[in-house]
Amino acid sequence: MKNKKILYLYTGDHPVHRKFAESINANIKKISWKIPKKYDIYFSEGEFFKPVLLKLTGLINKKAKLINLFSDPRLFYLDQGIKFNVKKQKIEKISFLKKFLFKNLMNKLDGVICVGILEETLLKKYYFGLFKKVDIFIDKNFNFKLLKTKPKLSNKNVIFIGNGPDTYYKGIDILLKVAKK
């Protein structure tokens with residue numbers, strides 16, 4: 001990637017994803033429909049369809065490479081034919097047209113990075129290009145602290161650590177049912 005101009009386009013700007021972008025010396029910008037044209041590589045987090053559509057319409061360089069990082073529920077929801085309406089806090093079906101468009105636009109990407117085994121398994125069903133699975137990393141110092149933790153498994157306290165408004169994908173509904181038992 002030497003001498004390539006790279007733009008990281010973030011949706012949620014997860015700290016780990018930002019570290020990926022920083023490791024390749026990418027410029028950083030929140031994703032929108034107005035993306036600068038001058039880049040060789042567009043590295044997106046989540047909303048891959050915007051750079052794909054901008055490239056197809058010539059609003060960014062048609063020779064640019066598009067790489068997306070899948071680490072959110074998009075592939076899971078594609079596979080299930082559903083989406084989670086955060087405002088209503090309920091599951092809704094997605095139309096055949098949306099599913100068709102999602103799969104076709106996804107396959108216009110030049111490459112994909114996916115996080116973990118679930119993302120990799122789902123990606124292989126729908127994406128036919130180049131991809132690389134990566135594992136989540138955690139700060140070494142924090143990891144050492146976690147390894148020293150000795151929970152009292154007989155205690156009835158439970159802690160769940162998660163991020164984002166999507167309680168369905170995170171399994172909080174299941175956690176609550178299990179905790180009641």
Side-chain angles (χ1 to χ4, degrees), residues 1 4-14 16-18 20-21 24 26 28-37 39-136 162-174:
M1 287 197 229
K4 297 286 185 187
K5 289 188 74 172
I6 305 168
L7 182 62
Y8 166 60
L9 300 163
Y10 67 86
T11 305
D13 200 22
H14 192 284
V16 172
H17 307 165
R18 182 170 282 250
F20 288 150
I24 57 173
I28 298 170
K29 181 179 182 348
K30 184 171 176 62
I31 199 162
S32 72
W33 288 106
K34 292 185 179 186
I35 299 172
K37 286 185 169 190
Y39 289 90
D40 302 302
I41 300 170
Y42 294 87
F43 172 41
S44 55
E45 171 200 51
E47 292 183 11
F48 67 88
F49 58 89
K50 287 179 182 175
V52 169
L53 289 171
L54 291 171
K55 183 178 175 180
L56 290 172
T57 58
L59 294 172
I60 61 173
N61 183 356
K62 288 199 178 236
K63 293 181 181 180
K65 298 294 182 193
L66 304 179
I67 311 295
N68 189 67
L69 172 65
F70 282 104
S71 64
D72 61 13
R74 290 171 211 275
L75 293 172
F76 171 76
Y77 287 148
L78 169 68
D79 190 58
Q80 299 297 306
I82 59 174
K83 69 176 184 171
F84 184 71
N85 185 322
V86 174
K87 289 180 183 173
K88 294 180 181 177
Q89 289 290 300
K90 69 179 217 175
I91 301 298
E92 298 173 350
K93 286 190 81 61
I94 59 171
S95 70
F96 171 80
L97 180 60
K98 277 190 178 181
K99 193 171 181 175
F100 176 80
L101 286 171
F102 187 97
K103 288 190 286 188
N104 281 289
L105 291 175
M106 179 173 56
N107 278 287
K108 301 281 186 211
L109 293 165
D110 297 295
V112 166
I113 299 169
C114 63
V115 178
I117 295 168
L118 174 63
E119 296 284 338
E120 179 184 32
T121 302
L122 294 173
L123 187 66
K124 285 178 178 178
K125 289 173 73 173
Y126 301 105
Y127 180 69
F128 307 109
L130 298 171
F131 76 90
K132 175 72 176 161
K133 179 187 80 72
V134 296
D135 294 311
I136 298 287
N163 183 25
D166 189 341
T167 58
Y168 180 79
Y169 178 70
K170 301 289 182 178
I172 294 173
D173 56 331
I174 297 168

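Hydrogens, waters and symmetry mates play no part in the numbers below; they use all other heavy atoms, side chains included. We're numbering straight along the sequence, starting at 1.
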Completion exercise
Residues K133 and I117: closest non-hydrogen pair is CD-N, 4.1 Å
Handout entry: side-chain contact (heavy atoms from CB on, under 4.5 Å) between L75 and M106, intermediate numbers included
Key = CA-CA 10 Å; L75 293 172; M106 179 173 56; 3.8 Å; yes
Fill in the blank from the handout: F131 and K124 have their tightest heavy-atom pair at CZ-CE, 3.7 Å
Problem - Point-to-point distance, once rounded to the nearest 0.5 Å, from CG of L78 to CG of L122 - result: 8.0 Å
Exercise for the section: Taking all heavy atoms of P51 and all of I31, pick out the closest pair and write down the distance. Expected result: CD-CD1, 3.9 Å
Practice task
For L56 and K62, work out which heavy atoms get closest and say how close.
Solution key: O-NZ, 3.1 Å
Problem - Donor-acceptor pair, side chain of Q80 and main chain of Y77, under 3.5 angstrom - result: no
Problem - Counterpart residues, side chain to side chain contact (heavy atoms under 4.5 Å, CB included), relative to N85 (two or more places apart) - result: K87, K88, E92
Exercise for the section: Return the set of residues passing salt bridge (charged side-chain N to carboxylate O under 4.0 Å, His left out) with K98 (not counting sequence neighbours), or none when no residue passes. Expected result: none
Problem - Atom pair NZ/CZ of K83 and F76 - distance to nearest 0.5 Å - result: 15.5 Å
Compile the donor-acceptor pairs under 3.5 Å between side chains in residues 42-50 and protein atoms, sequence neighbours left out, one pair per line.
{"residue": "Y42", "atom": "OH", "partner": "P36", "partner atom": "O", "Å": "2.5"}
{"residue": "Y42", "atom": "OH", "partner": "K37", "partner atom": "O", "Å": "3.2"}
{"residue": "Y42", "atom": "OH", "partner": "Y39", "partner atom": "N", "Å": "3.4"}
{"residue": "S44", "atom": "OG", "partner": "I67", "partner atom": "O", "Å": "3.4"}
{"residue": "S44", "atom": "OG", "partner": "N68", "partner atom": "OD1", "Å": "2.7"}
{"residue": "E45", "atom": "OE1", "partner": "T11", "partner atom": "N", "Å": "2.7"}
{"residue": "E45", "atom": "OE1", "partner": "G12", "partner atom": "N", "Å": "2.8"}
{"residue": "E45", "atom": "OE1", "partner": "D13", "partner atom": "N", "Å": "2.8"}
{"residue": "E45", "atom": "OE2", "partner": "D13", "partner atom": "N", "Å": "3.4"}
{"residue": "E45", "atom": "OE2", "partner": "H14", "partner atom": "N", "Å": "3.1"}
{"residue": "E45", "atom": "OE2", "partner": "H17", "partner atom": "ND1", "Å": "2.5"}
{"residue": "E47", "atom": "OE1", "partner": "K50", "partner atom": "NZ", "Å": "2.8"}

Handout entry: Side chain to side chain, K5 and N61, heavy atoms closer than 4.5 Å
Key = no
Practice task
Evaluate the criterion side-chain contact (heavy atoms from CB on, under 4.5 Å) for residue pair F84 and Q89; output intermediate values, then yes/no.
Solution key: CA-CA 7 Å; F84 184 71; Q89 289 290 300; 3.6 Å; yes
Problem - Within 6.0 angstrom of K108 NZ, more than 12 heavy atoms from elsewhere - result: no
Problem - Separation of L101 CG from K99 NZ (nearest 0.5 Å) - result: 13.0 Å
Exercise for the section: For residues D40 and K65, determine if any side-chain heavy atom of one lies less than 4.5 Å from a side-chain heavy atom of the other. Expected result: no
Problem - Validation row: F20, V134 side chains within 4.5 angstrom (heavy atoms) - result: yes
Practice task
Specify the closest pair of heavy atoms between L123 and V112, including all atoms of both residues, with the distance to one decimal.
Solution key: CD2-CG1, 3.5 Å
Handout entry: Given I6, L7, L66, the one that forms side-chain contact (heavy atoms from CB on, under 4.5 Å) with I41
Key = I6
Practice task
Could you tell me the separation between the NZ atom of K55 and the CG atom of L105, rounded to the nearest 0.5 Å?
Solution key: 12.5 Å
Handout entry: Expected output: side-chain N107 to main-chain Y126 donor-acceptor under 3.5 Å
Key = yes
Exercise for the section: Output the distance between atom NZ (K29) and atom CD1 (I35), rounded to the nearest 0.5 Å. Expected result: 7.0 Å
